[in-house]
Amino acid sequence: MNEVKNSKRNIGIELLKIISMFMVVLLHCLNMGGTISGAKTLSLNYDLAILLDSMAYVAVDVFALITGFVSIKSRNRYTHNWNRILDIWFPTVFYCVLITAIHYTKQYIETGKSVTFEIISHNIFPLAGSIYWYLGAYVFVWLLSPYINKMLHSLSKKQNLTLVIIILSVLSLYSLVYVNLDADPFRTGGGYSPLWILVLYITGVYISLYYDDFKKISKYVYLIIYFVCTFAACAIKILSNYMPTAKERKHIGSMALSYTSPFMVMASIGLLLAFAAFEIKRCRKLIVTGASVSFFVYIIHFHPACRLLLTDLFKPIANERWYVMLAAVIGGALAIYVACSLIDYVRQRLFAALHINVLYDKTVKLCSRMYNKVISKAVK
């Protein structure tokens, strides 16, 4: 994940990683935290919570777009970069084991209740039971990325554009139709699927390949696109509450707020292009460091044990004065983000002191050797 030297990094994109992960935490505070469900429908607090939700809903799409945007520029774009995946995998396993151990030790001390091996294994292994759905999708995309990159590089600009238009039309625009039919023919699950993350990866690669064309438009135009799309999604979501049946309210709301929603896709592309054009001279080292820990903010706070702590945490303040509610939710999300960032910063220093990078290097060589051996035998 840190293979590109700081001098060659797009600092605007690094800053966007930080902002996007903060948005993820904010989403969880609003939804899992009970802010939206606890607020009185169509009250000012509810409308403001939906506005925050709409503005933050682009986070996952942005992350997937960034992956494609950055990966195609990597020197390892045509091979499996084991360093990249292990830089994520080792710390994730570390956090899964650590948080699970702390949680169930505390539970045993307080209640004397033991835990089964099935529950422990479910919480320790990152992809078991879909603890981290995005991590699973990321691994899927990583496995295909060398071949996707090679294919997109070999296609003409017109062919690449046609491909992006087709996949976004089928899986995003068509969602406006199938959501009203109460169907999901392509199994995108509203964006909670490896297929959708792959689509966004390809879109990010396309933007990166032809970025010079996109640079001709002002970054402020892209910011306007982001705000217009998120505000439109917010308005549709709020107006959906006036629909007569629960089914209609759900369908109309999903058209506006889902990862596959055209509003969210356009908003996320606008945000990516705006930040890619930002020239940041100050705090570059701080931003790069913050971006390096951003993914693990997700890993830490979204662990099942931490989710228990977050569930309905903000419900008691959902109907307080609007400024109290906003301050509590945004401040709470910021506190969670900063705390998790500091935890991972300490983890990075600990891993460096213990020379875990040596284990990384040995594992990378082993994986590469085994992979090449298996592939060479399979293609004979």
Side-chain angles (χ1 to χ4, degrees), residues 13 16-17 20 23-24 27 57-74 77 80 84-85 130 132-179 181 183-211 213-214 222 225-226 229-230 233 254-273 275-276 295 298:
I13 293 297
L16 184 57
K17 289 180 184 179
S20 296
M23 288 179 173
V24 170
L27 278 177
Y57 224 96
V58 300
V60 172
D61 285 4
V62 167
F63 249 100
L65 286 170
I66 288 175
T67 303
F69 186 87
V70 173
S71 294
I72 196 63
K73 297 177 180 179
S74 167
R77 58 184 174 269
H80 283 112
R84 181 186 302 167
I85 202 69
S130 300
Y132 302 111
W133 75 268
Y134 187 86
L135 178 61
Y138 179 89
V139 172
F140 173 77
V141 171
W142 174 80
L143 288 169
L144 296 180
S145 60
Y147 314 107
I148 297 295
N149 294 343
K150 187 70 174 178
M151 178 190 75
L152 296 178
H153 251 276
S154 65
L155 296 177
S156 66
K157 180 179 178 180
K158 183 178 180 180
Q159 290 172 322
N160 275 317
L161 178 60
T162 302
L163 173 63
V164 170
I165 290 174
I166 289 174
I167 58 180
L168 287 181
S169 297
V170 171
L171 297 180
S172 181
L173 287 176
Y174 184 57
S175 67
L176 298 178
V177 177
Y178 72 66
V179 75
L181 299 175
D184 187 5
F186 302 108
R187 298 295 185 268
T188 58
Y192 290 89
S193 75
L195 176 60
W196 179 245
I197 301 303
L198 179 62
V199 167
L200 293 171
Y201 176 88
I202 292 172
T203 305
V205 170
Y206 174 82
I207 293 172
S208 184
L209 287 174
Y210 307 106
Y211 181 58
D213 294 338
F214 291 100
Y222 292 124
I225 291 173
Y226 163 74
C229 289
T230 53
S254 297
M255 289 169 58
L257 290 183
S258 70
Y259 296 138
T260 57
S261 163
F263 295 101
M264 295 299 103
V265 173
M266 289 300 298
S268 60
I269 291 174
L271 206 57
L272 173 72
L273 287 167
F275 274 83
F295 186 80
Y298 163 66

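Keep in mind the model is a prediction, meaning the values are calculated, not measured. When a residue number appears, it is its place in the shown sequence, counting from 1. Just the heavy atoms: all of them, side chains too, but no hydrogens, waters or symmetry mates, feed the values below.
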Side-chain donor or acceptor of S172 paired with backbone N/O of T260 under 3.5 Å: yes

Contact between W196 and D61 at the side-chain level, heavy atoms closer than 4.5 Å - yes or no? yes

Is the closest side-chain heavy-atom distance between V60 and M23 below 4.5 Å? no

To the nearest 0.5 Å, atom CE of M264 lies from atom SG of C229 at 7.5 Å

Rounded to the nearest 0.5 Å, what separation is found between the CG atom of L143 and the CD1 atom of I85? 7.5 Å

Side chains of L144 and M151 in contact at under 4.5 Å (non-hydrogen atoms): no

Non-hydrogen atoms of A137 and P194 that approach each other most closely: CB-CA, 3.8 Å

Would you check if L152 and I72 make a side-chain contact, meaning some heavy-atom pair closer than 4.5 Å? no

Verify whether one side chain among R77 and S145 offers a donor that lies under 3.5 Å from an acceptor in the other. no

Any non-hydrogen side-chain atom of F263 less than 4.5 Å from a side-chain atom of T230? no

Please examine the side chains of Y57 and Y259, heavy atoms only from C-beta on, and report whether any two atoms are closer than 4.5 Å. yes

Side chain to side chain donor-acceptor pair (under 3.5 Å) with Y206: which residues, sequence neighbours excluded? none

Looking only at atom types and distance, does a side-chain atom of Y211 sit under 3.5 Å from a main-chain N or O of A276, one as donor and one as acceptor? yes

Residues at least two apart in sequence or cross-chain that pass salt bridge (Lys or Arg N to Asp or Glu O under 4.0 Å) with K150, listed by chain then number, are none

Residues 152-166 vs salt bridge (Lys or Arg N to Asp or Glu O under 4.0 Å), sequence neighbours excluded, gives K157-D213

Suppose we screen for ring-ring contact (aromatic ring centres under 6.0 Å, His included). Which residues come up paired with Y298, at least two apart in sequence or across chains? Y132, F295, F302

How would you list, by chain and number, every residue that makes a side chain to side chain donor-acceptor pair (under 3.5 Å) with Y192, sequence neighbours excluded? none

Any donor and acceptor pair, going by atom type alone, linking the side chain of S71 with main-chain N or O of G68 inside 3.5 Å? no

With sequence neighbours left out, the residues meeting side chain to side chain contact (heavy atoms under 4.5 Å, CB included) with K73 are F69, S208

Straight-line distance of L272 CG to I66 CD1, nearest 0.5 Å: 6.0 Å

Test side chain to side chain contact (heavy atoms under 4.5 Å, CB included) applied to Y222 and L271, step by step: CA-CA 6 Å; Y222 292 124; L271 206 57; over 6 Å; no

Is there side-chain contact between K17 and F275, with heavy atoms separated by less than 4.5 Å? no

Exam field: side chain T67 to backbone Y201, donor-acceptor pair closer than 3.5 Å: no

Sorted by chain and number, sequence neighbours left out, side chain to side chain contact (heavy atoms under 4.5 Å, CB included) with I167 holds for L163, V199, I202

What residues, two or more places apart in sequence or in another chain, satisfy side chain to side chain contact (heavy atoms under 4.5 Å, CB included) together with A64? Y134, I197, L200

Check side chain to side chain donor-acceptor pair (under 3.5 Å) between S156 and all other residues, then give those that pass, not counting sequence neighbours. Q159

If you compare all heavy atoms of S20 against all heavy atoms of A59, which two are closest, and at what distance to 0.1 Å? O-CB, 3.3 Å

If you define the side chain from C-beta out and look only at heavy atoms, does anything of N160 sit under 4.5 Å from Y210? yes

With a 3.5 Å distance limit and no angle check, can you tell me whether S268 reaches the backbone of V62 through a side-chain donor-acceptor pair? no

Roughly how far, to the nearest 0.5 Å, is the CG atom of L273 from the CD1 atom of I269? 7.5 Å

